[in-house]
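The chains referred to below are lettered A, B, ... by the order of the sequence lines, with proteins before strands, and numbering in each begins at 1.
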2 protein chains.
Amino acid sequence: MNATRPVGVRRHNLGLVLSHLAVTGPSSRAQIAAAVGLTKAGVSSIAADLIARRLVAEPGRRTAGEAGRPGSVLVVDGAGCAGIGLEVNVDYLAACVVDLARRTRFHRIDAAVDPRSPKRTLTRLAHVARQARDAATAQGLTVGGVGVALPGLVDPGTGVLLHAPNLGWHDVHVAPLLADALDVDAARVELDNEANLAASAELWFGDGGAWGDYLHVSGEIGVGAGIVRDGALARGSHGFAGEVGHLSIDPRGPVCGCGARGCVERYCGQEAILRAAGVDARPTTSTGRPDGSLARLLAALEAGRVRPARAVGRAGEALGRGVAGAVNVLDVDTVVLGGIYSRLAPWLVGPFTDSLRRNTFAVRWARTRVEVSRLGPDAAVRGAAGLTVHRVLTDPASLSPLVAG
Amino acid sequence: MNATRPVGVRRHNLGLVLSHLAVTGPSSRAQIAAAVGLTKAGVSSIAADLIARRLVAEPGRRTAGEAGRPGSVLVVDGAGCAGIGLEVNVDYLAACVVDLARRTRFHRIDAAVDPRSPKRTLTRLAHVARQARDAATAQGLTVGGVGVALPGLVDPGTGVLLHAPNLGWHDVHVAPLLADALDVDAARVELDNEANLAASAELWFGDGGAWGDYLHVSGEIGVGAGIVRDGALARGSHGFAGEVGHLSIDPRGPVCGCGARGCVERYCGQEAILRAAGVDARPTTSTGRPDGSLARLLAALEAGRVRPARAVGRAGEALGRGVAGAVNVLDVDTVVLGGIYSRLAPWLVGPFTDSLRRNTFAVRWARTRVEVSRLGPDAAVRGAAGLTVHRVLTDPASLSPLVAG
DNA sequence: AGGTTTCGTCAACGATCTTTACTAAACGAT
DNA sequence: ATCGTTTAGTAAAGATCGTTGACGAAACCT
């Protein structure tokens, strides 16, 4: 049931032109034609269609031509459609609105209510989500979909959060609840792991385009990773791929909550690092202010204190051993350090890279690059909004079958 | 440069119908139409095209219909085109010819000349390859391409074997040499790792179709694995994905040739198992007879001796820990034990499965199945031939632009 | 024997991209 | 200032492809 029809060709080429325009920026029809392999006439027809759908705009500017008639510039129309991104974390809730031109139109972080109560937290999340929706409509934007970033295992089919150890939640029906609160189709609410969405955000809003295939490692309370391969997230059969936090790096290591021994998270998770560094880690769930203890760790590191620096270095060494296993299995071009690791990078990257290289089999023929994420802590929310933005950019026909012109 | 044209639709649908026919077996046009989502008229047109290309035959049989006019059965035409598969291993060389109906038309195993001499070994391989080609043409088959299975890292772009530790080879230009010896286009000679090809063979000739996404672990002198995701091999950025043999499972374990410590191969490779079992392992390169020591191990196991059984059980436990890491990263439905592991299965599967489950994070929500390969030791050669068979089945137009009828 | 059901084909049709020719718009040399 | 050159965009014709709908063919059932 995978048959291609002539109309499928149009659908594909609509997405091809629109997403090309999104990554390359303002271009003329002729430039697009040369880049994607269609003829000028073909691009003209497709551009007219996209303009009719209000996904592309023609501001009237012209290319500063070398010789010959200058082209009329086409741009992605940011005023038409937007995606909503939501995030639930141990420390906070967040919401944002991102338009099709990838501009953030709304962004709000909300101190968490007690995460131990899923009901109250989700009620609060629905409230923030409605604020985001209202902000979008007030700016004349059509909401194309909603994405939710969650710190745990999700079932993308049913929209259920199966297991979030750091929240203490299990089997929470997040998607139906939000679909109800926002009055949108449940199929338009997509859930995913925050590590997966942070990795996607890197691709859509960060430097991911230059990294080839990559593994994006997010350090938070837990340690997760997202795998990007051929410009798309590899989610695995059940959406659980990238659980590097529970790779075992020592069969005689401490027992982990997951049942195994010596999991990466026991050495490289935020709490393990804080403990090893001798920085007081108040239980993060009881303080309203996020990152309190992490800020203290950073201050200690910048003050040049020895024990914290050594603790971070040891964590980097351990993380390198774990990630090397993932690299041996995946063969990616690049490993990206995100989350708290991006802030600890000056003290972490050296030991991490050494350890990674020493434990990667094919390193002589495929030296894995190590990069640090430049996206801030809001990578996951933006990635959640990006789910919709990316879907519309690659498949404009998914938004509306046809706009009556 | 990814534009779809109307002719691309035809190309896609040709492959859709032909590969559907290959997996489903003999079907009428109407059955195909209902299954793939095209109309009867569309399938008629495509079938006529495939018959003109001699890729599909219409033997004249009719479906035993319930009611109504019976359909005329279409089958994949095995008499038209075939792929050649070659394999270089420590113990032997092998060659086979597989036709489009997936029947093996020729199969030959050759005792190795001294593998320490790449030149002499490849001369011998070229000789065997010519025998395969001659067998194919003698049966009226057009050779669509050549695949080569090698025990090491290959660069699929240039056709170079980069590094084969167990052969002691490095930087050997295998593809150009064979293309020259067989007088075919170098682009028609594809190299790949034997673990990757064994995994593919499972998909094309074995039970792989029922396993969803899977990791196929091949036990040989080394330990390798192939990853199958969405019905296709995931090769990684450089074709090195699946190197589970060099996952470290103990940071204080023995040093491996790759530089790391405690690699899976040191616990679960053929030589490690033989040593732990107390079975004399003569250097495998000096004996012409393959599998000599493995046969002695199996005899000892079947005789009920304790030490070999315990050794295999321990290897299974260690392998489970390593593979659990891969499963945490990949999230596959199934793990398949192939190579020598399929023969050791009665003593290996239990400890392996227990260890795998204990060390897999998401096991409660996505219980990984464990299966044993039913393909024999010739999985890799058949997979090599399958490269061509699969390419032609999924993209018939790649074979010949158009056959003048 | 006649009705029913399903199969395969044919001709007309609509959708799509390409080809070819043409007009539009800017640059530069004379 | 003018004319030739170059490039951009468009319009019409052409080609390919799958769909639609009608029709004859071939089996089964009553």
Side-chain angles (χ1 to χ4, degrees), chain A residues 1-17 20-21 26-52 56 58-75 396-397 401-402 405, chain B residues 1-17 20-21 26-52 56-75 396-397 401-402:
Chain A
M1 200 56 151
N2 213 359
T4 302
R5 292 169 198 69
V7 65
V9 173
R10 182 60 158 209
R11 186 167 181 166
H12 177 238
N13 286 338
L14 280 172
L16 187 69
V17 168
H20 175 81
L21 204 54
S27 320
S28 70
R29 291 170 178 79
Q31 289 170 335
I32 296 170
V36 305
L38 294 164
T39 59
K40 290 184 295 175
V43 173
S44 269
S45 163
I46 289 166
D49 197 337
L50 290 171
I51 289 170
V56 162
E58 195 167 12
R61 279 181 295 152
R62 316 201 138 254
T63 52
E66 297 294 310
R69 171 179 167 180
S72 179
V73 164
L74 299 177
V75 296
L402 190 63
Chain B
M1 199 57 151
N2 212 0
T4 302
R5 292 168 198 68
V7 64
V9 173
R10 181 60 157 209
R11 186 167 181 167
H12 177 241
N13 286 338
L14 280 172
L16 187 69
V17 169
H20 175 81
L21 205 54
S27 319
S28 70
R29 291 170 177 79
Q31 289 171 334
I32 296 170
V36 306
L38 293 164
T39 58
K40 289 184 296 176
V43 174
S44 270
S45 163
I46 289 166
D49 197 337
L50 290 171
I51 290 170
V56 162
E58 195 166 12
R61 277 181 296 151
R62 315 201 141 257
T63 53
E66 297 295 308
R69 170 179 167 179
S72 179
V73 165
L74 300 177
V75 297
L402 189 63

Could you please name the option among [options] that lies closest to any side-chain atom of [X]?
| X | options | value |
| --- | --- | --- |
| A:Ile46 | D:dA11, C:dC17, D:dG9 | C:dC17 |
| B:Ser72 | D:dG9, D:dT19, C:dG8 | C:dG8 |
| B:Lys40 | C:dC7, C:dC10, D:dG9 | C:dC7 |
| A:Thr39 | C:dG8, D:dA26, C:dT18 | C:dT18 |

Is the phosphate of [N], meaning OP1 or OP2, less than 4.0 Å from a side-chain N or O of [X]?
| X | N | value |
| --- | --- | --- |
| B:Arg69 | C:dG8 | no |
| A:Asn13 | C:dT16 | no |
| A:Ser44 | D:dG9 | no |
| B:Arg5 | C:dT16 | no |

- request: Under the side chain to side chain contact (heavy atoms under 4.5 Å, CB included) rule, what do B:Leu50 and B:Leu21 come out as? Steps first, then yes or no, please.
  value: CA-CA 11 Å; B:Leu50 290 171; B:Leu21 205 54; over 6 Å; no
task: Please step through side chain to side chain contact (heavy atoms under 4.5 Å, CB included) for the pair B:Arg29 and B:Glu58, ending with a clear verdict.
output: CA-CA 11 Å; B:Arg29 291 170 177 79; B:Glu58 195 166 12; 2.8 Å; yes
Rounded to the Å, how far apart are [X] [atom1] and [N] [atom2]?
| X | N | atom1 | atom2 | value |
| --- | --- | --- | --- | --- |
| B:Ile32 | C:dT6 | CD1 | P | 18 Å |
| A:Leu38 | C:dT19 | CG | P | 11 Å |
| B:Leu74 | C:dC7 | CG | C1' | 12 Å |
| A:Arg10 | D:dT16 | CZ | P | 20 Å |
| A:Gln31 | D:dT7 | CD | P | 13 Å |
| B:Leu14 | D:dG18 | CG | P | 8 Å |
| A:Arg29 | C:dC17 | CZ | P | 15 Å |
| B:Arg11 | C:dC17 | CZ | P | 18 Å |

query: Between A:Pro26 and A:Val73, what is the shortest heavy-atom contact and its length?
result: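 That closest heavy-atom pairing would be CB-CG1, 3.5 Å.
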- request: Answer with base, sugar-phosphate or nothing: what part of the nucleic acid does B:Ala30 contact at a heavy-atom distance below 4.0 Å?
  value: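 Sugar-phosphate only.
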field: Single hit among B:Val9, B:Val56, B:Ile46 for side-chain contact (heavy atoms from CB on, under 4.5 Å) with B:Leu14
entry: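 Option passing the side-chain contact (heavy atoms from CB on, under 4.5 Å) with B:Leu14: B:Ile46.
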- prompt: Run the side chain to side chain contact (heavy atoms under 4.5 Å, CB included) check on A:Ile51 and A:Leu74 step by step: do they pass?
  reply: CA-CA 9 Å; A:Ile51 289 170; A:Leu74 299 177; 4.3 Å; yes
